[in-house]
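Here's the structure, in structure tokens; my notes come after.
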Amino acid sequence: MCIGIISVDKQNVSFSVKTKEELCRVPINKDCCALAELYGIFLYANIFDLKQIRIRTELASVAKRIIMLIEKVFNVHIQIQNIGQRLSIEINDNKLLEKIMTEFGYDTKPYISYPLNRNMVEQDCCAAAFLRGVFLISGSVASPDKKSHLEIKCSHIALCRQVISLMLDLGIEPKMLTRQNSGVIYLKGTAAIEDFLTCMGASLCAMEIMEAKVEKNLRNNINRQVNCETSNLVKTTDASAKQIAAIEKALLIGGIEIFPENLRETVDLRVANPASSLSELALMFDKPMTKSGLSHRLRKIMQISQRLEQKGKE
Ligand SMILES: [Zn+2]
């Protein structure tokens with residue numbers, strides 16, 4: 001089965017950028033969370049192994065946050081490099097690399113794919129910080145006026161599954177798509193996306209999605225109501241036009257006398273108020289009557305008119 005995935009392309013980039021910029025403003029209050037966020041960033045880096053860590057990003061705010069986190073956690077300053085349109089952060093120092101790996105709970109053996117160390121994300125605050133780091137590097141989200149979609153690209157399926165299990169623990173229910181050895185974690189539905197953005201700390205962007213949804217629902221309701229009212233109006237004027245045409249033909253043939261006295265007020269009111277509905281018309285009588293009473297009288301008038309017309313043809 002083919003699952004439709006909207007690739008979050010250029011037209012959606014602005015909302016992804018907005019979300020990431022909001023995430024970059026989330027204050028880091030605890031050391032445990034600083035370490036966990038950096039862990040998410042490093043695990044999803046372009047290169048993450050004992051020889052080198054290399055992260056590429058197009059956003060200055062993300063690059064600056066990474067530098068700030070490295071300084072806070074490891075007390076070293078790393079330079080940001082410009083590589084064409086992108087910014088690059090590279091760690092090549094063996095001692096520092098070893099220190100980082102040890103801090104994340106890895107031994108100094110090389111891995112093909114580093115598994116998620118759950119000890120690093122045991123507390124909810126740290127799990128949220130870790131996911132923020134992951135999203136800053138690999139995430140994207142469709143703008144609120146588009147079909148709801150959020151995704152995180154992941155180069156290793158095993159890691160993808162481990163991150164999904166972490167998200168499930170936080171009450172977020174993502175889906176996964178695999179492409180060869182890489183995976184995509186994705187969320188559909190505005191509620192799930194709002195929850196995830198709020199969990200990572202982008203509550204303003206979550207609110208924007210919620211407001212867009214409320215506005216869309218409101219617009220749909222108004223349209224439905226207008227359509228319904230229009231169709232009722234068409235029905236009313238259709239019936240009224242038929243009645244008036246029949247009455248006018250009858251009046252031409254025999255004048256008002258052809259209608260019994262008790263129907264004459266109805267004839268007059270109908271002809272004088274072509275756009276009025278039955279309920280409106282019923283209230284216009286000297287002695288207001290019920291809708292069904294009026295409907296009965298109009299049926300009588302139609303019968304008389306039609307009979308007269310039949311006679312004329314014979
Ligand atoms: Zn924490």
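All residue numbers refer to positions in the sequence shown, counting from 1. First listed ligand is number 1; within each ligand, the first listed atom is number 1.
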Taking only Lys NZ, Arg NE, NH1 and NH2, and the carboxylate oxygens of Asp or Glu, determine whether [X] and [Y] approach each other closer than 4.0 Å.
X	Y	value
Arg25	Glu21	no
Glu151	Lys188	no
Arg65	Glu37	yes

Worksheet item: How many protein N, O or S atoms are found at a distance of less than 2.8 Å from the Zn ion (ligand 1)?
Response: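 Every protein N, O or S atom under 2.8 Å from the Zn ion (ligand 1) counted, the figure is 4.
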Worksheet entry | Phe48: partners by ring-ring contact (aromatic ring centres under 6.0 Å, His included), with sequence neighbours left out |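 Phe48: ring-ring contact (aromatic ring centres under 6.0 Å, His included) contacts with Tyr114.
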Worksheet item: Where do Asn221 and Arg224 land on the side-chain hydrogen bond (donor to acceptor under 3.5 Å, both in side chains) test, with the steps shown first?
Response: CA-CA 5 Å; Asn221 279 343; Arg224 248 196 308 275; 2.7 Å; yes
Worksheet item: Can you check whether Glu98 reaches Met101 side chain to side chain, under 4.5 Å on heavy atoms?
Response: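 Of all side-chain heavy-atom pairs linking Met101 with Glu98, none is under 4.5 Å.
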